Amino acid sequence: MNIAPFSIHVAVAVLGDLQLRLNQARFDDDDVPAPSDGHHPWRHGTSREYLRELIDDWRTRFSWAQQEAALNQLPHFTAKVADGEQLHFIHQRARAPGALPLLLLHGWPDSFYRYVKVLPRLGGEFDVVVPSLPGFGFTGALDLAVREQPNRHSAELLWRLMTEGLGYRRFGVAGGDGGSALAQILAIDHPESVVGIHLTDLGWHVNNTDPASLSRAERSYLAASKKQMMADGAYAMVQMQAPNSLAPALSDSPVALASWIVDRFHSWSDNDGDLDHSFSKDELLTNIMIYWITGTIGSSIASYRAEALSPSLTVASRVKVPVAMALFPKDIGGIPPRAFAERTVNVQRWTEMPRGSHLAALEEPALYAADVSAFFKDSALHA
C-alpha cells in the first residue's frame with residue numbers, strides 16, 4: 001500500500017472565487033417580516049441573525065491561511081488503499097514505541113477536524129489515526145452511493161489502512177454519529193483486529209427495535225428519541241430521499257453550505273441557546289471550509305440514501321468485543337437505559353457525562369479524551 005505525506009494547500013483561485021461569492025451573498029430576509037416567535041430564532045432552522053454574523057465574519061475576518069498553517073502542523077498522509085480509492089488521514093505516533101493504536105472516526109456534518117482538540121490529549125500515550133471518511137474532506141468522493149452497503153465498504157477500507165497499510169495487528173476504535181456505526185461494523189467484521197470500541201451513541205439502527213420487547217424505560221427512551229427525530233429530522237429525510245436536489249445548492253453557495261451545517265451544530269450541541277458557548281466561529285468556519293475547498297458536501301450526504309436502502313447494521317447486529325459508552329446529556333434523544341444499549345453492544349464501561357452532546361470530541365474534548373484514555377488503558381483489553 002502506497003502511503004505518502006500530505007499537506008493541505010488551497011489554490012489562490014479557489015479562495016478568490018469563495019471571496020467573490022461571499023461578497024455577493026444574497027439573503028432571503030431583507031423584505032421578510034420577522035417571525036412571530038422571534039425570541040426563538042433557531043426554531044425554524046438557522047437563525048438569520050447568526051447566519052449574517054457568521055458570513056460577515058467569514059468574509060471580513062476569518063483567515064484560512066492561519067487555519068491551514070495550524071492544520072499542517074499535524075502529520076497528514078494519504079494512502080492508496082485500493083484501485084482508485086485513496087484515504088486521507090492524520091497519523092500521530094505516541095512518545096514511546098509499542099503504544100496501542102487508536103482509530104478515531106468522525107461523522108456528518110463534521111470532519112477529521114472533530115478531533116483536533118483531542119489529539120494533543122491522546123497523542124502521547126496512543127498511536128492515533130484520524131481519517132477523513134470516504135466521501136468526506138481530503139479523502140474525497142469514492143462513489144459510495146453505488147455500493148450496496150457503503151458503510152461496510154468504508155469500514156473495510158479503514159481496516160485495510162490500519163492492518164495492511166500501517167501494520168497494526170490489533171487496535172482500538174472510537175467514534176460518534178456515523179463513526180459509531182463504522183466502529184461497530186469494524187468490531188463485528190474484524191473482531192480479531194479490534195480490541196474494543198468506544199462510542200458516544202448507538203446509531204440509528206437501534207430505533208427499529210420492536211417496542212413489544214422493551215421495558216417501560218426502554219420504550220420511553222425510544223419514543224422520546226423518535227419524537228425528537230420527527231421534530232428535528234428534516235435534514236435526514238432530505239439527504240436520504242433527495243440528495244441530488246440538495247447537493248447542487250450546497251456546492252454552489254457558501255451561504256447555503258454554512259446555513260445547512262451550522263443548523264446541525266446548533267441543534268446537536270449543549271449551547272444553552274448560544275452557539276458561541278460551544279464552538280467559536282473559527283472552529284465552525286474551518287469545518288465548513290473543509291467541505292467547501294474539497295467539494296465533498298454532495299458525496300458526504302449521498303451515502304444517507306444508499307445506507308437507508310441497504311443498511312449495514314440492523315437490530316440483529318451485535319458487537320461482542322468490549323464496548324465503552326460515553327453518554328453526553330444533551331445528545332440526540334438523551335441518555336438511553338443501559339439495558340437498551342446492551343441489546344446490541346457488549347457494554348464494559350458506562351459513563352454518564354455532566355455536560356456535552358452529540359459533537360462531544362470538539363465541544364468537550366477534555367471529558368471525551370479522558371474517557372477514551374481510561375477505557376483503552378484497561379489491561380483487560382490487551383489480554
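Sequential numbering from 1 along the given sequence is applied to the chain's residues. Remember, it's a predicted structure, so these values are computed and weren't measured experimentally.
One N or O on the side chain of His76 and one on the backbone of Leu71 form a donor-acceptor pair closer than 3.5 Å. Judged purely by atom type and a 3.5 angstrom limit, Glu363 uses its side chain to pair as donor or acceptor with the backbone of Ser357. For the pair Asn287 (side chain) and Pro109 (backbone), a donor-acceptor distance under 3.5 Å is present. Side-chain atoms of Gln92 come within 3.5 Å of backbone atoms of Leu119 as a donor-acceptor pair (strictly under, hydrogens ignored). Put simply, the side chain of Gln149 gets close to the backbone of Pro311: a donor and an acceptor are under 3.5 Å apart. A donor-acceptor pair is defined here as one N or O able to donate and one able to accept, closer than 3.5 Å; such a pair exists between the side chain of Glu68 and the backbone of Val10. A side-chain donor-acceptor contact under 3.5 Å links Arg318 to the backbone of Glu342. Put simply, the side chain of Arg160 gets close to the backbone of Val81: a donor and an acceptor are under 3.5 Å apart. When atom types are taken as modelled, the side chain of Thr296 and the backbone of Ser299 share no donor-acceptor pair closer than 3.5 angstrom. Ser220 places no side-chain N or O within donor-acceptor distance of the main-chain N or O of Arg216, the cut-off being under 3.5 Å.
Ile185 and Val315 are assigned to two separate hydrophobic clusters, defined by single-linkage of ILVMFWY side chains at heavy-atom distances under 4.5 Å. Residues Leu309 and Leu313 are members of separate hydrophobic clusters, defined by side-chain heavy-atom contacts under 4.5 angstrom among Ile, Leu, Val, Met, Phe, Trp and Tyr.
To the nearest 0.5 Å, atoms OG (Ser253) and CH2 (Trp292) are separated by 6.5 Å. Separation of atoms OG1 (Thr200) and CG (Asp177) is listed at 8.0 Å; rounding is to 0.5 Å. To the nearest 0.5 Å, the span separating OH on Tyr221 from OG1 on Thr209 amounts to 10.0 Å. For the atom pair CD1 (Ile197) and OG (Ser180), the distance works out to 7.0 Å, reported to the nearest 0.5 Å. Separating the CG atom in Leu362 from the OG atom in Ser278 is a distance of 9.5 Å, to the nearest 0.5 Å. Atom CZ of Arg61 is separated from atom NZ of Lys281 by 8.5 Å, given to the nearest 0.5 angstrom.
Ring geometry, His91 versus Tyr168: the interplanar angle exceeds 60°, so the pair is classed perpendicular (tilted spans 30 to 60°). His88 and Phe138 have perpendicular rings, their planes meeting at more than 60° on a 0 to 90° scale where under 30° would count as parallel. Note: Trp268 and Tyr235 have perpendicular aromatic rings, judged against thresholds of 30 and 60 degrees for the angle between ring planes.
Residues Ala326 and His198 approach most closely at CB-CE1, 3.5 Å, considering heavy atoms. Taking each heavy atom of Gly107 and Phe136 in turn, the nearest pair found is O-CE2, 3.5 Å. Taking each heavy atom of Pro365 and Val118 in turn, the nearest pair found is CB-CG2, 4.2 Å. Residues Phe376 and Gly172 share a closest heavy-atom pair of CE2-CA, 3.5 Å. Closest heavy-atom contact between Tyr115 and Gly176: OH-N, 4.3 Å. Pairing each heavy atom of Ala183 with each of Leu105, the nearest pair is N-CD1, 4.0 Å.
The ring of Phe171 has its center no closer than 6.0 angstrom to the ring center of His190. Taking the six-membered ring for Trp and the full ring otherwise, Tyr304 and Trp204 have centroids separated by under 6.0 Å. Between Tyr50 and His266, the gap from one ring centroid to the other reaches at least 6.0 Å. The ring of Trp260 has its center no closer than 6.0 angstrom to the ring center of Tyr291.
Looking at heavy atoms from C-beta onward, Pro254 lies out of side-chain contact with Ile288 at the 4.5 angstrom threshold. Contact check for Met162 versus Ser193: no side-chain heavy atoms found under the 4.5 Å cut-off. Contact annotation: the side chain of Leu359 approaches that of Phe279 to within less than 4.5 Å [non-hydrogen atoms, C-beta and beyond]. A 4.5 Å side-chain heavy-atom check between Phe126 and Lys377 finds at least one atom pair inside the cut-off. Two residues are said to be in side-chain contact when any heavy atoms from C-beta on lie closer than 4.5 Å; Leu327 and Trp350 meet this criterion. Between Ile90 and Leu104, the closest side-chain pair of non-hydrogen atoms is not below 4.5 Å. Here the side chains of Trp108 and Ile297 are in contact, with some heavy-atom distance below 4.5 Å. The side-chain heavy atoms of Gln19 and Leu15, taken from C-beta on, include no pair separated by under 4.5 Å.
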- Message: Using the rule given for side chain to side chain contact (heavy atoms under 4.5 Å, CB included), can you reason through Phe328 versus Asp270, listing the C-alpha separation, both sets of side-chain angles and the distance that settles it, and then say yes or no?
- Response: CA-CA 9 Å; Phe328 292 81; Asp270 188 4; over 6 Å; no
- What's the verdict on side chain to side chain contact (heavy atoms under 4.5 Å, CB included) for Val194 and Trp159, showing C-alpha distance, side-chain angles and the deciding distance? CA-CA 9 Å; Val194 178; Trp159 176 79; 5.8 Å; no
- Query: Can Thr351 and Phe375 be said to form a side chain to side chain contact (heavy atoms under 4.5 Å, CB included), step by step?
  - Reply: CA-CA 10 Å; Thr351 310; Phe375 177 61; over 6 Å; no
- Task: Any chance you could lay out the side chain to side chain contact (heavy atoms under 4.5 Å, CB included) test for Phe62 and Gln67, step after step, and finish with the verdict?
- Result: CA-CA 9 Å; Phe62 176 78; Gln67 299 301 323; 3.7 Å; yes
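Counting heavy atoms of neighbouring residues, nucleotides and ligands inside a 6.0 Å radius, atom CG of Asn23 exceeds 12 of them. Within 6.0 Å of NZ in Lys227 there are 12 or fewer heavy atoms belonging to other residues, nucleotides or ligands. Counted within 6.0 Å of CZ on Arg95, heavy atoms from surrounding residues, nucleotides or ligands total 12 or fewer; the atom is thus considered open. Under a cut-off of 6.0 angstrom, the local environment of CD in Glu164 is crowded, with over 12 non-hydrogen atoms contributed by other residues, nucleotides or ligands.
With Leu51 as the partner, the side chain to side chain contact (heavy atoms under 4.5 Å, CB included) test is satisfied by one option alone out of Asp56, Val255, Val262: Val255.
Asn346 and Gln348 are linked by a side-chain donor-acceptor pair at a separation below 3.5 angstrom, with hydrogens and angles left out of the test. Residues Gln184 and Ser317 have side chains that never bring a donor and an acceptor to within less than 3.5 angstrom of each other. Side-chain contact check for Ser132 and Thr139: no donor-acceptor pair (N or O, by modelled atom type) lies under 3.5 Å.
Under 4.0 Å is where a charged nitrogen must lie from a carboxylate oxygen, and between Asp110 and Arg264 no such pair does. Salt bridge status for Asp17 with Arg21: present, with a side-chain N to carboxylate O gap under 4.0 Å.
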